[in-house]
Student: 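I'd like to ask some things about the structure below.
FYI, side chains are in, hydrogens and waters are out, and symmetry mates aren't considered; it's all heavy atoms of this structure. Along the sequence shown, residues are numbered consecutively beginning with 1.
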Amino acid sequence: MARLLIFLFVCAVGYQSYHLYFGEQGIKRQEELAKQIAYQERINLRLKQRNQALRAQVHDLRQGEEAVEEHVRSELQYIKDGEVFYRMVNKK
């Protein structure tokens, strides 16, 4: 009788251990979720930094002509009257 109880106890412990590690809310699943959360937090941080840079750029564009001029020069390659524009092209 004692052997049967020990066997049932070992089976119960094994079953619970299996579900603790591999179950739907087990340790393995928690590790996967922690990795997904860390990955999403890195993405969110990168997007937050990009948004801050864009907000700063919008603020600069709204505040002064210098920022508008700089943006037009760098993005659209506009030049003022009397200036000479040189473009450096790399040879491949």
Student: In Å, rounded to the nearest 0.5 Å, how long is the span from CD1 of Ile37 to CD of Gln30?
Tutor: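 Going from CD1 on Ile37 over to CD on Gln30, the span is 10.0 Å.
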Student: Out of the candidates Glu69, Arg73, Glu75, only one should pair with His71 under the side-chain contact (heavy atoms from CB on, under 4.5 Å) rule; please name it.
Tutor: Glu75
Student: Within a 6.0 Å radius of atom CD on Glu32, are there more than 12 heavy atoms belonging to other residues, nucleotides or ligands?
Tutor: yes
Student: Tell me whether Phe85 at atom CZ has more than 12 heavy atoms from other residues, nucleotides or ligands lying less than 6.0 Å away.
Tutor: yes
Student: Any chance CD of Glu83 has more than 12 other-residue heavy atoms, nucleotides or ligands included, within less than 6.0 Å?
Tutor: yes
Student: Distance from Phe22 atom CZ to Lys28 atom NZ, nearest 0.5 Å?
Tutor: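 Going from the CZ atom of Phe22 to the NZ atom of Lys28 covers 6.0 Å.
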Student: Let me confirm one number: the OH-CG distance from Tyr15 to Leu8, rounded to the nearest 0.5 Å.
Tutor: 14.5 Å
Student: Other residues, nucleotides and ligands only: do more than 12 of their heavy atoms fall within 6.0 Å of CD on Glu31?
Tutor: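 Above 12, so yes.
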Student: Decide yes or no for Asn44 and Gln40: does some side-chain heavy atom of the first lie under 4.5 Å from some side-chain heavy atom of the second?
Tutor: yes
Student: Quick one: CZ on Arg29 to CD1 on Ile27, what's the gap to the nearest 0.5 Å?
Tutor: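 Answer rounded to 0.5 Å: 14.5 Å.
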Student: List the atom of Leu61, the atom of Val68, and the distance in Å for their closest heavy-atom pair.
Tutor: O-CG2, 3.6 Å
Student: Counting only heavy atoms not in His19, do more than 12 sit closer than 6.0 Å to its NE2 atom?
Tutor: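 Yes.
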Student: Given 3.5 Å as the limit, does a donor-acceptor pair link the side chain of Gln63 with the main chain of Asp60, or not?
Tutor: no
Student: May I ask you to test the Gln36-Tyr39 pair for a side-chain heavy-atom distance under 4.5 Å?
Tutor: no
Student: Would you give the length of the straight line joining atom CG of Leu5 to atom CZ of Arg3, rounded to the nearest 0.5 angstrom?
Tutor: 12.5 Å
Student: Rounded to the nearest 0.5 Å, how far apart are NE2 of His59 and CD of Gln52?
Tutor: 14.0 Å
